[in-house]
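Notes for the one structure printed next.
We count residues from 1, following the sequence as given.
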Amino acid sequence: MLNIVIFGPPGAGKGTQSKLIIDKYKLMHLSTGDILRGEMANETPLGLEAKNLIEKGELVPDDIVIGMVKNKIDNNSDHKGFIFDGFPRTNDQARALDNILEERGTSISVMISLEVEEEELIKRLLKRAEEEGRKDDNIDVIRNRIKVYNEVTSSVADYYAETGRHRPVVGTGSVEEIFDRISAVIDELENKAG
Ligand code: B4P
């Protein structure tokens, strides 16, 4: 199986690039942000709990997110592999993901980390606010999301680096240019695997 984590700060382009990756490499998309927004739209108990946190720019508790991911993996076990978008966001989530995959006889092949400066992140998310009206895309919440990323999430990259699975990619330029850089990483991996 080819299992990829796409990583980066809020607005780095994880969702944007994931769409292109799943089309080209026929992977299953697993975005915890999308699942949580689906729960919020359906006003489920989980969605209502998540809404309060997401609209403040805080993370949803690990046990909730890990449970969602486990379900999604088990309901799609016939796929060639997964692209994990926005997950893991804590070191506990990263360890849990390794355990879940190991129990199923597979593992994360690589973490692709999109590197984008803070000023550009804010510009993109404010533009998305105009286009899509997401409640967590206002300036105060964006600043908190970036703070949470710097304080909690960014160290997840070290977790993957320790096991030689971290690949940084420049996340600025056109969507196509960035996708070319990502494709080069994945193609190299597939060639090595033969
Ligand atoms: P996510 O849905 O993961 O949202 P994100 O980080 O804002 O988005 P992403 O990086 O995917 O940006 P995108 O491609 O859309 O999370 C939302 C919230 O859910 C979190 O804050 C948290 O509360 C909660 N959550 C999710 N997962 C969790 C977890 N594992 N644990 C706990 N809580 C969790 O790009 C952004 C914008 O930039 C778009 O408008 C796009 O068009 C634009 N863009 C993309 N590439 C561009 C480029 N090259 N140039 C210019 N603009 C570009």
Side-chain angles (χ1 to χ4, degrees), residues 1-8 10-51 53-54 59-114 132 134 136 153 156-157 159-160 163-167 169 171 175 178-179 181-194:
M1 272 177 111
L2 178 66
N3 296 306
I4 298 171
V5 170
I6 184 134
F7 185 77
K14 302 181 290 287
T16 305
Q17 294 297 329
S18 290
K19 289 196 191 90
L20 301 174
I21 298 171
I22 57 174
D23 275 354
K24 181 167 175 186
Y25 296 97
K26 311 293 171 217
L27 301 178
M28 178 79 202
H29 188 202
L30 198 163
S31 159
T32 43
D34 285 354
I35 300 174
L36 290 167
R37 280 186 287 278
E39 299 279 344
M40 280 160 57
N42 291 324
E43 298 186 337
T44 64
L46 192 163
L48 295 174
E49 186 182 345
K51 188 175 190 294
L53 294 162
I54 290 178
L59 295 179
V60 174
D62 285 342
D63 54 343
I64 293 183
V65 182
I66 292 165
M68 282 173 5
V69 168
K70 209 189 259 181
N71 282 341
K72 181 99 177 181
I73 292 175
D74 285 339
N75 292 334
N76 294 281
S77 53
D78 51 343
H79 272 78
K80 189 185 150 198
F82 288 90
I83 172 116
F84 295 93
D85 165 7
F87 179 90
R89 265 179 156 94
T90 66
N91 283 311
D92 282 348
Q93 291 181 15
R95 277 188 287 271
L97 180 60
D98 272 352
N99 290 336
I100 293 167
L101 294 178
E102 196 184 333
E103 283 165 9
R104 287 154 184 78
T106 183
S107 59
I108 292 296
S109 315
V110 71
M111 170 205 253
I112 296 175
S113 177
L114 295 170
E132 297 179 19
R134 253 173 68 172
D136 58 342
T153 303
V156 175
Y159 175 85
Y160 286 91
T163 44
R165 295 179 290 173
H166 175 233
R167 295 294 298 270
V169 164
V175 169
I178 300 162
F179 184 57
R181 293 177 201 135
I182 292 176
S183 292
V185 173
I186 301 176
D187 290 345
E188 191 192 319
L189 206 70
E190 288 204 310
N191 290 339
K192 264 195 210 150

* Worked check of side chain to side chain contact (heavy atoms under 4.5 Å, CB included) between Leu46 and Val60 -> CA-CA 10 Å; Leu46 192 163; Val60 174; 5.6 Å; no
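- In this structure the side chain of Val175 reaches within 4.5 angstrom of the side chain of Gln17, judged on heavy atoms.
- Closest of all the heavy-atom pairs between Arg104 and Asp74 is NE-OD1, 2.7 Å.
- Among the candidates Thr153, Asp62, Val65, the single residue satisfying the side chain to side chain contact (heavy atoms under 4.5 Å, CB included) test with Thr90 is Asp62.
- Rounding to the nearest 0.5 angstrom, the gap separating the CD1 atom in Ile108 from the OH atom in Tyr159 is 9.5 Å.
- With hydrogens and angles ignored, the 3.5 Å screen pairs a side-chain donor or acceptor of Asn3 with a backbone N or O of Phe82.
- Put simply, the side chain of Ile6 reaches to within 4.5 Å of the side chain of Ile182, judged on heavy atoms.
- We find the CG-NZ distance between Leu27 and Lys80 to be 5.5 Å, quoted to the nearest 0.5 Å.
- Listed for the Thr32 side chain is a donor-acceptor partner under 3.5 Å among the backbone atoms of Gly86.
- No side-chain heavy atom of Gln93 sits less than 4.5 Å from a side-chain heavy atom of Val156.
- Between Ala94 and Pro88, the shortest heavy-atom distance links the atoms N-CB, 3.4 Å.
- Rounding to the nearest 0.5 angstrom, the gap separating the CD1 atom in Ile186 from the CZ atom in Arg181 is 14.0 Å.
- The two residues Leu97 and Tyr160 make their nearest non-hydrogen contact at CD2-OH, 4.0 Å.
- Taking CG from Asp63 and CE from Met68, the interatomic distance works out to 11.0 Å, rounded to the nearest 0.5 Å.
- Between the CG atom of Leu30 and the CG atom of Asn71 there is a distance of 10.0 Å, given to the nearest 0.5 Å.
- Side chain of Lys14 to main chain of Gly8: a donor-acceptor pair is present (N/O by atom type, distance under 3.5 Å, no hydrogens or angles).
- Residue pairs that meet the salt bridge (Lys or Arg N to Asp or Glu O under 4.0 Å) test with at least one member in residues 86-99, sequence neighbours left out, are Asp92-Arg95, Asp98-Arg165.
- Two residues are said to be in side-chain contact when any heavy atoms from C-beta on lie closer than 4.5 Å; Phe87 and Val5 fail this criterion.
- For the residue pair His29 and Lys72, the shortest heavy atom distance occurs at O-CE, 3.7 Å.
- Atom CD of Glu43 is surrounded by 12 or fewer heavy atoms from other residues, nucleotides or ligands within 6.0 Å.
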Validation: residues 187-194 side-chain donor-acceptor distances under 3.5 Å, sequence neighbours left out:
from	atom 1	to	atom 2	distance (Å)
Asp187	OD1	Tyr25	OH	2.7
Asn191	ND2	Asp187	O	3.3

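- In this structure, the separation between OG1 on Thr106 and CG on Leu2 is 9.0 Å, given to the nearest 0.5 Å.
- With a 4.5 Å cut-off on side-chain heavy atoms, Leu20 and Ser183 do not count as touching.
- Taking both residues in full, the closest heavy atoms of Ser109 and Met1 are given as OG-O, 4.1 Å, listed atom of the first, atom of the second, then distance.
- Looking at heavy atoms from C-beta onward, Val69 lies out of side-chain contact with Ile35 at the 4.5 angstrom threshold.
- Arg37 has its side chain within reach of Asp34: a pair of non-hydrogen atoms, C-beta onward, lies under 4.5 Å apart.
- With contacts defined as side-chain heavy-atom distances shorter than 4.5 Å, the pair Ile178/Thr16 does not qualify.
- Heavy-atom minimum distance, Leu101 versus Ser107: CD1-C, 3.9 Å.
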